[in-house]
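Contents: one structure, followed by commentary.
Model, not experiment: these values are computed from the prediction.
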Amino acid sequence: MVRQRLSPKGEGDYHWTFRDNADDNIKSLNQIFEALEKFGEKFYQDFNNFPSPFDRIKPNDFLTKERVVLLDKYYVYNEFNFIWLLKEINLKINKPEIARQFSEIVIDKASKYYNKLIDETKSKKQKELTKVYLGNLIKQLK
């Protein structure tokens, strides 16, 4: 849901290469470990004051066309799961009305998305499977 890429410089996109050569692979693994050790902790420190920053996100933030960016630097990649997480967090911190609003938003978004898939699918079996999946998802999101 929320993620940050790991790189030797601490920011940006980076891909380590693995080959058939064990020494090169060990070198890559050591670079990964060093980057995680040097920069990984910073990511987790941003969430040390739970429920902050999650309690600052409002249901209306998901009703605009803008992507939600957590702490102005972490993009949300799976909106359905993230909104469900926010619903659960608000239940935990005793904000049931906000949790209900998140639930309604994610159910509406998921319904629109999966119903569009159902409409565009030619296979009768796939349509049925998607309907069942949507029904199960809605039960979970309530």
Side-chain angles (χ1 to χ4, degrees), residues 1-20 22 24-142:
M1 288 177 267
V2 177
R3 66 181 187 178
Q4 177 70 16
R5 291 204 179 267
L6 186 64
S7 74
K9 294 180 181 179
E11 58 185 52
D13 195 13
Y14 190 84
H15 300 276
W16 280 272
T17 304
F18 292 95
R19 298 181 172 86
D20 291 334
D24 287 342
N25 291 340
I26 289 170
K27 186 187 256 183
S28 289
L29 288 172
N30 284 333
Q31 289 175 346
I32 292 169
F33 182 75
E34 288 170 17
L36 186 58
E37 199 171 47
K38 189 172 182 180
F39 304 110
E41 184 66 24
K42 290 178 184 177
F43 173 82
Y44 293 103
Q45 286 174 350
D46 284 338
F47 304 98
N48 279 345
N49 295 319
F50 182 84
S52 180
F54 302 101
D55 60 345
R56 290 186 252 150
I57 301 170
K58 304 298 176 217
N60 285 344
D61 294 340
F62 291 94
L63 298 177
T64 69
K65 296 289 183 196
E66 301 290 320
R67 278 180 73 184
V68 172
V69 181
L70 192 59
L71 295 172
D72 296 323
K73 59 182 168 179
Y74 301 122
Y75 287 92
V76 172
Y77 288 94
N78 186 325
E79 193 176 71
F80 297 154
N81 286 343
F82 189 68
I83 297 171
W84 174 79
L85 174 68
L86 293 171
K87 177 201 80 152
E88 294 296 322
I89 288 170
N90 278 279
L91 286 174
K92 182 170 181 58
I93 62 175
N94 202 25
K95 294 185 176 180
E97 179 55 29
I98 293 174
R100 184 191 59 74
Q101 291 173 26
F102 277 123
S103 181
E104 289 173 356
I105 289 169
V106 74
I107 288 170
D108 182 59
K109 284 179 172 281
S111 295
K112 286 177 182 173
Y113 175 80
Y114 285 104
N115 281 319
K116 184 175 186 251
L117 277 180
I118 291 165
D119 290 344
E120 293 172 354
T121 300
K122 292 183 178 21
S123 165
K124 186 175 180 179
K125 181 158 181 78
Q126 188 59 48
K127 283 181 185 264
E128 287 305 313
L129 289 172
T130 306
K131 286 177 186 177
V132 169
Y133 180 81
L134 176 59
N136 289 336
L137 182 63
I138 289 172
K139 285 179 193 172
Q140 181 185 13
L141 297 171
K142 284 186 178 184

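Using modelled atom types, one side-chain atom of Asn78 and one backbone atom of Asn81 make a donor-acceptor pair closer than 3.5 Å. Listed for the Asp61 side chain is a donor-acceptor partner under 3.5 Å among the backbone atoms of Lys58. Under a 3.5 Å cut-off, the side chain of Ser103 and the backbone N or O of Ala99 do not form any donor-acceptor pair. Formation of a donor-acceptor pair under 3.5 Å by the Lys142 side chain with backbone atoms of Ile107 is not found in this model. Side chain of Ser28 to main chain of Thr17: a donor-acceptor pair is present (N/O by atom type, distance under 3.5 Å, no hydrogens or angles).
In this structure, CG on Leu134 lies 11.0 Å from NZ on Lys139, to the nearest 0.5 angstrom. Going from atom CG of Leu141 over to atom CD of Glu88 covers 9.5 Å, rounded to the nearest 0.5 Å. Distance OG/Ser7 to CD/Gln31: 11.0 Å, rounded to 0.5 Å. One distance of note links CG of Asn90 with CG of Asp55; it measures 8.0 Å at 0.5 Å rounding. To the nearest 0.5 Å, the span separating CZ on Phe39 from NZ on Lys9 amounts to 10.0 Å. To the nearest 0.5 Å, atoms CD (Glu37) and CG (Asn30) are separated by 10.5 Å.
Ionic pairing of Lys131 and Glu128 is present here: one or more N-O contacts between side-chain nitrogen and carboxylate oxygen are shorter than 4.0 angstrom. By the 4.0 Å N-to-carboxylate-O rule, Lys112 lies close enough to Asp108 to be salt-bridged with it. Electrostatic pairing of Lys73 and Asp46 counts as a salt bridge here, judged by a charged N lying under 4.0 Å from a carboxylate O. Ion pairing between a basic and an acidic side chain is recognised when a charged N comes within 4.0 Å of a carboxylate O; Arg100 and Glu104 show such pairing.
A 4.5 Å side-chain heavy-atom check between Lys87 and Val106 finds every atom pair outside the cut-off. Here the side chains of Phe47 and Leu70 are in contact, with some heavy-atom distance below 4.5 Å. For the pair Leu29/Trp16, no side-chain contact is recorded, criterion being any heavy-atom separation below 4.5 Å from C-beta on.
When all heavy atoms are compared, the tightest approach of Ile105 to Phe62 is CG2-CB, 4.1 Å. The shortest heavy-atom contact between Leu71 and Arg56 is CD2-NH2, 4.3 Å. The two residues Phe18 and Asn25 come nearest to each other via the heavy atoms CA-OD1, 3.2 Å. Of all non-hydrogen atoms in Leu137 and Ala110, the two that sit nearest each other are CD2-CB, 3.9 Å. Here the closest heavy-atom approach between residue Tyr75 and residue Arg67 is recorded as CB-NH2, 3.3 Å. Pairing each heavy atom of Lys127 with each of Thr121, the nearest pair is CE-O, 2.7 Å.
In this structure, Arg5 is not positioned above the aromatic face of Phe43 in the sense of NZ or CZ being under 6.0 Å from the six-membered ring centre and within 45° of the axis.
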Is there a ring-ring contact (aromatic ring centres under 6.0 Å, His included) between Phe82 and Tyr77 once you walk through the steps?
-> CA-CA 8 Å; Phe82 189 68; Tyr77 288 94; over 10 Å; no

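The local environment of CZ in Phe50 is crowded, with over 12 non-hydrogen atoms from other residues, nucleotides or ligands closer than 6.0 Å. By the 6.0 Å contact criterion, CD on Gln140 is enclosed, its count of non-hydrogen atoms from other residues, nucleotides or ligands being greater than 12. Heavy atoms from other residues, nucleotides or ligands lying under 6.0 Å from OH of Tyr44 number 12 at most. More than 12 heavy-atom neighbours from other residues, nucleotides or ligands sit within 6.0 angstrom of OH on Tyr14.
The aromatic rings of Phe80 and Tyr114 lie tilted to each other, with the angle between the two planes from 30° to 60°.
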